[in-house]
Amino acid sequence: MQISKRLLIVPVSLLCVGAVAACGSSSSSSSSGGTSTAASVATPAADPAVEKLVPAKIKSKGTLTVAADASYAPNEFIGPDGHTVVGMDADLANALAGVMGLKANVVNASFDSIIPGLAAKKYDLGMSSFTDTKEREKTVDFVTYYEAGSSFFAKAQGGPKVNTLADLCGHKVAVEKGTTQQADASGQSKKCKAAGKPAVNVLVFPDQNGANLALTSGRADIGMADSPVAEYQAKRTNGQLKLIGKTYGPYPYGIAIPKKTGMVKPVLDGLKVLMAKGQYQAILKKWGIQLGAINNPKVNAPAF
């Protein structure tokens with residue numbers, strides 16, 4: 001398994017139903033401090049103790065390049081201006097950069113390209129609702145910062161009755177490429193066939209916008225995403241979609257960090273500063289996802 005991904009805020013998400021490629025799938029980059037649909041959270045002042053931990057190579061640039069797949073509201077998505085990456089992860093990236101005495105440049109990238117990009121040192125951090133897993137730790141290090149489960153959602157009218165993964169047999173399920181939901185649905189399909197039941201028809205899309213469009217257009221009858229994202233989608237579609245079944249998990253989100261860059265300690269300590277001063281909690285509250293808050297960030301604490 002792996003966990004993750006994606007979506008878009010109303011009214012943007014509703015506009016994207018007919019034009020997914022133009023919404024959240026470009027490679028534009030921007031400061032994470034751009035226009036948001038929620039109240040702003042002030043960028044924290046630099047913390048001298050954390051500043052000292054930042055490697056000279058990063059400090060000399062003055063910026064942290066942070067990769068996010070901006071199709072997964074409220075965690076990361078494209079804001080109303082059409083290019084700025086906003087959301088919980090973007091705000092947290094901006095805050096972390098602030099305590100390090102840096103600025104964040106949040107770059108929109110496809111989810112399955114981020115970890116390879118980190119390995120190639122294309123990005124300084126990956127903040128895109130990644131679940132910390134042993135498999136991913138072969139390539140990157142993680143600092144955990146949130147907990148989320150996986151949820152199912154469907155059309156509010158006429159949707160199928162699905163309670164757990166075991167109920168997916170014979171259904172068309174829309175997921176984002178490279179996510180836990182893809183792995184879980186594909187794994188369940190094998191179990192269905194082994195039990196003599198119809199396989200799961202797993203429809204895989206480059207981003208969560210495509211998966212959502214498949215559901216609203218009738219190509220798929222079930223969608224899967226991280227719990228805060230699925231809940232957000234259900235709330236923001238004017239009654240078109242609803243949560244179904246039981247959420248499973250939760251699993252830890254981790255900030256992905258290229259190995260041997262010296263950035264694990266400043267990220268860990270910077271996150272602890274944000275938690276101690278209440279700024280971490282303020283960001284989660286801003287996006288209505290404070291139920292997944294943690295108070296003990298860890299290095300490489302995989303869910304599986």
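Computed over heavy atoms, backbone and side chain alike; hydrogens, waters and symmetry mates excluded. Computed from a predicted structure; not experimentally measured.
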Does the side chain of [X] reach to within under 4.5 Å of the side chain of [Y], using non-hydrogen atoms?
{"X": "Val66", "Y": "Val107", "result": "no"}
{"X": "Phe152", "Y": "Val173", "result": "no"}
{"X": "Asn212", "Y": "Leu241", "result": "no"}
{"X": "Asp132", "Y": "Arg136", "result": "no"}
{"X": "Tyr248", "Y": "Thr164", "result": "no"}
{"X": "Leu213", "Y": "Arg219", "result": "no"}
{"X": "Leu271", "Y": "Leu92", "result": "yes"}
{"X": "Met88", "Y": "Ile283", "result": "yes"}

Query - Chi angles and distances behind the side chain to side chain contact (heavy atoms under 4.5 Å, CB included) call for Lys161, Asp167 - result: CA-CA 8 Å; Lys161 293 183 178 179; Asp167 299 321; over 6 Å; no
With [X], which residues qualify under side chain to side chain contact (heavy atoms under 4.5 Å, CB included), at least two apart?
{"X": "Pro206", "answer": "none"}
{"X": "Lys121", "answer": "Pro258, Thr261"}
{"X": "Ala256", "answer": "Leu118, Phe130, Val140, Phe142"}

Is there a donor-acceptor pair under 3.5 Å between the side chain of [X] and the backbone N or O of [Y]?
{"X": "Thr144", "Y": "Lys298", "value": "yes"}
{"X": "Asp207", "Y": "Gly210", "value": "yes"}
{"X": "Tyr146", "Y": "Ile289", "value": "yes"}
{"X": "Lys259", "Y": "Glu137", "value": "yes"}

Query raised in the report: Where does the angle between the aromatic ring planes of Tyr253 and Tyr145 fall among parallel (under 30°), tilted (30 to 60°) and perpendicular (over 60°)?
Result: tilted
**Report entry** Listed once per pair and sorted, the salt bridge (charged side-chain N to carboxylate O under 4.0 Å, His left out) pairs that draw on residues 187-198, sequence neighbours left out
**Finding:** none
[atom1]/[X] to [atom2]/[Y] distance, rounded to the nearest 0.5 angstrom?
{"X": "Ser189", "Y": "Leu168", "atom1": "OG", "atom2": "CG", "answer": "9.5 Å"}
{"X": "Glu231", "Y": "Lys242", "atom1": "CD", "atom2": "NZ", "answer": "15.5 Å"}
{"X": "His83", "Y": "Ile78", "atom1": "NE2", "atom2": "CD1", "answer": "9.0 Å"}
{"X": "Asn94", "Y": "Asn105", "atom1": "CG", "atom2": "CG", "answer": "10.5 Å"}
{"X": "Tyr232", "Y": "Asn75", "atom1": "OH", "atom2": "CG", "answer": "10.0 Å"}
{"X": "Lys155", "Y": "Ser217", "atom1": "NZ", "atom2": "OG", "answer": "7.0 Å"}

Report task. Could you verify whether a donor N or O on one side chain and an acceptor N or O on the other, from Asp226 and Gln181, lie under 3.5 Å apart? Result -> yes
Query raised in the report: Among side-chain atoms of Asn300 and Asp141, is any donor-acceptor pair under 3.5 angstrom?
Result: yes
Grab the two heavy atoms, one from [X] and one from [Y], that are nearest each other, plus how far apart they are.
{"X": "Thr139", "Y": "Ala119", "value": "CG2-CB, 3.7 Å"}
{"X": "Tyr123", "Y": "Ala109", "value": "OH-CB, 3.6 Å"}
{"X": "Ala154", "Y": "Ile244", "value": "CB-CD1, 3.9 Å"}
{"X": "Gln279", "Y": "Pro44", "value": "NE2-CB, 3.1 Å"}
{"X": "Asn108", "Y": "Ala70", "value": "OD1-N, 3.0 Å"}
{"X": "Leu284", "Y": "Ala293", "value": "CD1-CB, 3.5 Å"}

Requested in this report: Any chance you could lay out the side chain to side chain contact (heavy atoms under 4.5 Å, CB included) test for Ile294 and Tyr280, step after step, and finish with the verdict?
Outcome: CA-CA 10 Å; Ile294 66 170; Tyr280 163 82; 3.8 Å; yes
Listing, residues 45-62 side-chain donor-acceptor contacts under 3.5 Å, not counting sequence neighbours, or none:
residue, atom, partner, partner atom, Å
Asp47, OD1, Ala49, N, 3.1
Asp47, OD1, Val50, N, 3.1
Lys59, NZ, Glu51, O, 3.1
Ser60, OG, Ala56, O, 3.3
Ser60, OG, Lys57, O, 2.9
Lys61, NZ, Asp124, OD1, 3.1
Lys61, NZ, Asp124, OD2, 2.7

Query - Fellow cluster residues of Phe205, listed by chain then number, with links counted only when side-chain atoms sit under 4.5 Å apart - result: Leu203
Query raised in the report: Is there a side-chain hydrogen bond (donor to acceptor under 3.5 Å, both in side chains) between Ser151 and Thr247 once you walk through the steps?
Result: CA-CA 5 Å; Ser151 295; Thr247 295; 2.7 Å; yes
Query raised in the report: Transitively linked via ILVMFWY side-chain contacts under 4.5 Å: Val175 with Phe304?
Result: yes
Requested in this report: For the pair Met263 and Met100, evaluate side chain to side chain contact (heavy atoms under 4.5 Å, CB included) and give the outcome as yes or no after the intermediate values.
Outcome: CA-CA 11 Å; Met263 283 299 293; Met100 294 180 193; 3.9 Å; yes
Report task. Could you check Leu165 against Met224 for side chain to side chain contact (heavy atoms under 4.5 Å, CB included), going step by step and ending with a plain yes or no? Result -> CA-CA 10 Å; Leu165 284 167; Met224 293 178 65; 3.9 Å; yes
